[in-house]
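Below is one structure, written out as C-alpha cells, with a few remarks after it.
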Amino acid sequence: MKDVYILAIESSCDETSMAIVKNGKEVVSLTIATQIDTHAKYGGVVPEIASRMHTEAIVPVLDETLKKANMKMEQIDAIGVTYTPGLTGSLIVGIEAAKTLSLIYNKPLIGVNHLIGHIYANKIEHDMEFPMLALIVSGGHTELLIMEDDYKFKMLGETLDDAIGEAYDKVARVLGLKYPGGPNVEKLALKGKASYKLPKPVVDDSYNFSYSGLKSAIVNLVHNEEQRGNEINKEDLARSFQEVAVDELVRKVEKAFVETNIKVLVVAGGVSANKYLKQEMEKLCLKYQAKLLIPSLLYCTDNAAMIGVAAYPKYLNKEFSDFKLNASCNSNIC
Ligand code: KG4
Ligand code: ZN
C-alpha cells in the first residue's frame, strides 16, 4: 500500500501546532508554537488573545512543518484538524486553515476530537492493543472509558464538575504559582509532605469523578489561614492535594480493572505528564499485571501529531468531513 501522509492542525487552546504523520504512526515533522508566556502574564488563557495569536502563527507554523519534512502540500494525502473541544475562536482558526488547504489542494478534510487525539498520542510510541481502559486527564476533562477498537468507546465515568487539570490550575493560582499551574504544583509537591487533611473527591460508588469540592476546600483553607495571619506550608499543601487528587483516579481505575478484567490502561491528556500519577499507575498496573501506556512528555500535552494519528483510522474508512465542519461544543466521544 502507498504511504499515507496526513497534515494535522491543532489550535484548540494556547498552542498552534501542525504535524505531518506517516501511516498513522510515524511523526515526520511537528511544530508547536506556544503562547504560554503571553497568557502567563494574565494568570490564564485569554481567549481573544489566543485567537489572534493563532491567526498570526498559522502560516509560519505551516511553512515550518512542511520545510522540516522537506515536503510540499501536493504530497499530502489528507488534512486532519481538531474541531472540538476547545476555545471556539481558537478552534475556528485551525478549522478555517484546514478547509482552505483542503479546497486549494483538493485534499480530503478530517475533523478530529481533541480528546480522542490525546488517546491516540499513545500510538506514536506504543502499539495499542484493544480492549483498553482509557483515562483522559486534561485541563477540561476527566473521563474513564473502555476503548474496544478504533473509535469504539464505552463511557464508564466522567467528572460531574471540575476536571483534574482545572483543579491543579486553581490550586496553583491560590498558591501564587505561575500559569500553567499543573507542572508548578507538581514541582512544589516534590518538596512537601502530605500533612494537610483534605476531603476525598469521592462522589459515590460509580465511576464518576468530582474535583470541585477538593478545589474549594483548598481555596477556603488558604483564605482562612491568610485571614488569621497563619503561614501556609505551600509544599505540603501541594503534596496533600496531589495525593488526594491522583489517588481518586487510581481508585477508579482499580475498580475498572476488577470489574472489566481489561489488561491495558492508556492515560491521555496534559495531566498524564505528572510523574506522581505515572508512578501510582505503574504500581497499580503491576498489581493487576496490566500494560500501562503513557506518552512521553512531548506528546502528553497539546500537539498536532496526536491529531494526525487519530485522523488515520478515519482516512482508511473514508470518513471525511465536508466544508460545513465547524467548531463544535459537543465533545462527546461516545
Ligand atoms: O491536554 P492539555 O495540554 O490541554 C487540554 O486539553 O486541556 O492539558 C492541560 C492541563 C492543564 O490543566 C495543566 O495544568 C495540566 O494539564 N498539566 C499538568 C502537568 N502538565 C500539564 N498537571 C499536573 N502535572 C503536570 N506535570
Ligand atoms: Zn489537550
Side-chain angles (χ1 to χ4, degrees), residues 8-17 19 30 32-36 39-40 43-45 47 50 54 81-88 90-91 94 112-122 134-143 158-159 162-175 177-190 192 209 211-212 214-215 218 238-239 241-249 266-281 294-307 309-310 327 331 333:
I9 306 177
E10 156 62 42
S11 67
S12 65
C13 191
D14 57 349
E15 258 99 31
T16 319
S17 179
L30 169 63
I32 305 174
T34 181
Q35 309 173 359
I36 281 181
H39 298 294
V45 178
H54 283 305
V81 63
T82 305
Y83 73 97
T84 190
L87 300 169
T88 305
S90 292
L91 287 166
V112 175
N113 179 310
H114 178 86
L115 300 174
I116 297 180
H118 272 303
I119 294 175
Y120 276 94
N122 282 282
L135 177 68
I136 299 175
V137 280
S138 72
H141 292 79
T142 308
E143 296 181 7
E158 62 189 324
T159 183
D162 294 346
I164 185 167
E166 213 172 327
Y168 262 98
D169 293 337
K170 185 73 193 184
V171 168
R173 199 189 258 246
V174 82
L175 293 179
L177 303 173
K178 262 178 69 180
Y179 171 84
N184 292 324
V185 172
E186 174 173 25
K187 259 188 232 148
L188 208 62
L190 275 177
F209 301 92
Y211 282 103
S212 80
L214 174 62
K215 183 189 82 177
I218 292 179
R239 179 65 178 247
F241 159 73
Q242 177 157 281
E243 288 199 3
V244 171
V246 170
D247 290 356
E248 181 60 4
L249 298 176
V266 55
V267 188
V271 186
S272 64
N274 187 279
K275 291 189 199 68
Y276 176 71
L277 185 150
K278 185 173 179 185
Q279 171 201 309
E280 292 307 298
M281 291 300 171
I294 296 188
S296 58
L297 223 53
L298 173 65
Y299 301 121
C300 280
T301 45
D302 292 349
N303 68 88
M306 67 187 199
I307 303 303
V309 178
S331 62
I333 65 182

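Numbers here simply count residues along the sequence, with the first being 1. When a ligand or atom number is given, it counts from 1 through the structure's own listing order. Being a predicted model, the structure only gives us computed values, none of them experimental.
Scanning both residues, Ala121 and Pro295, for their nearest heavy atoms gives CB-CG, 4.2 Å. Counting all heavy atoms, side chain and backbone alike, Pro85 lies closest to His141 at CG-CE1, 3.5 Å. Nearest heavy-atom pair across Pro47 and Val45 is CD-O, 3.4 Å. Across all non-hydrogen atoms, the minimal contact from Lys178 to Ala40 is CE-CB, 4.2 Å.
In this structure, Cys13 has no heavy atom closer than 4.0 Å to ligand 1. Within the structure, ligand 1 lacks Lys275 among the residues with a heavy atom less than 4.0 angstrom away.
Vertex the Zn ion (ligand 2), arms ending at NE2 of His118 and OD1 of Asp302: the angle is 100° after rounding to 10 degrees.
One distance of note links OG of Ser12 with CG of Asp302; it measures 5.0 Å at 0.5 Å rounding. A distance of 7.0 Å separates OG1 in Thr82 from CG in Leu91, rounded to the nearest 0.5 Å.
Protein heavy atom at the shortest distance from atom 15 (C) of ligand 1 is Val271 CG2, 3.9 Å. Scanning the protein heavy atoms around atom 24 (N) of ligand 1, the nearest turns out to be Asn274 ND2, 3.0 Å. In this structure, atom 2 (P) of ligand 1 lies nearest to the protein heavy atom Asp302 OD1, 3.3 Å. Of the protein's non-hydrogen atoms, Glu186 OE1, 2.7 Å is the one closest to atom 26 (N) of ligand 1. Nearest protein heavy-atom contact of atom 6 (O) of ligand 1 is His114 NE2, 3.0 Å.
Residue Gly140 approaches ligand 1 through these ligand atoms, each under 4.0 Å from one of its heavy atoms: 7 (O).
At under 3.5 Å, a nitrogen or oxygen of His118, whether backbone or side chain, sits near a nitrogen or oxygen of ligand 1. Taking only nitrogen or oxygen atoms, main chain and side chain alike, Glu166 does not reach within less than 3.5 Å of ligand 1. Checked by distance only, ligand 1 and Tyr168 stay at 3.5 Å or farther apart across all their nitrogen or oxygen atoms.
Tested against Leu249 for a side chain to side chain contact (heavy atoms under 4.5 Å, CB included), the candidates Val271, Val267, Leu135 yield a single pass: Leu135. If you run side-chain hydrogen bond (donor to acceptor under 3.5 Å, both in side chains) between Glu15 and each of Thr301, Thr34, Asn303, only Thr34 comes through.
With a heavy-atom cut-off of 4.0 Å, His141 does not touch ligand 1 at all. Under 4.0 Å from ligand 1, the heavy atoms of Asp169 that appear belong solely to its side chain.
Here atom 22 (N) of ligand 1 lies nearest to Gly182 when heavy atoms of Gly139, Gly270, Gly182 are compared.
A side-chain donor from one of His114 and Glu10 sits under 3.5 Å from a side-chain acceptor of the other.
Within the coordination shell of the Zn ion (ligand 2), defined by N, O or S atoms under 2.8 Å, His114 is present.
Electrostatic pairing of Arg239 and Glu243 counts as a salt bridge here, judged by a charged N lying under 4.0 Å from a carboxylate O.
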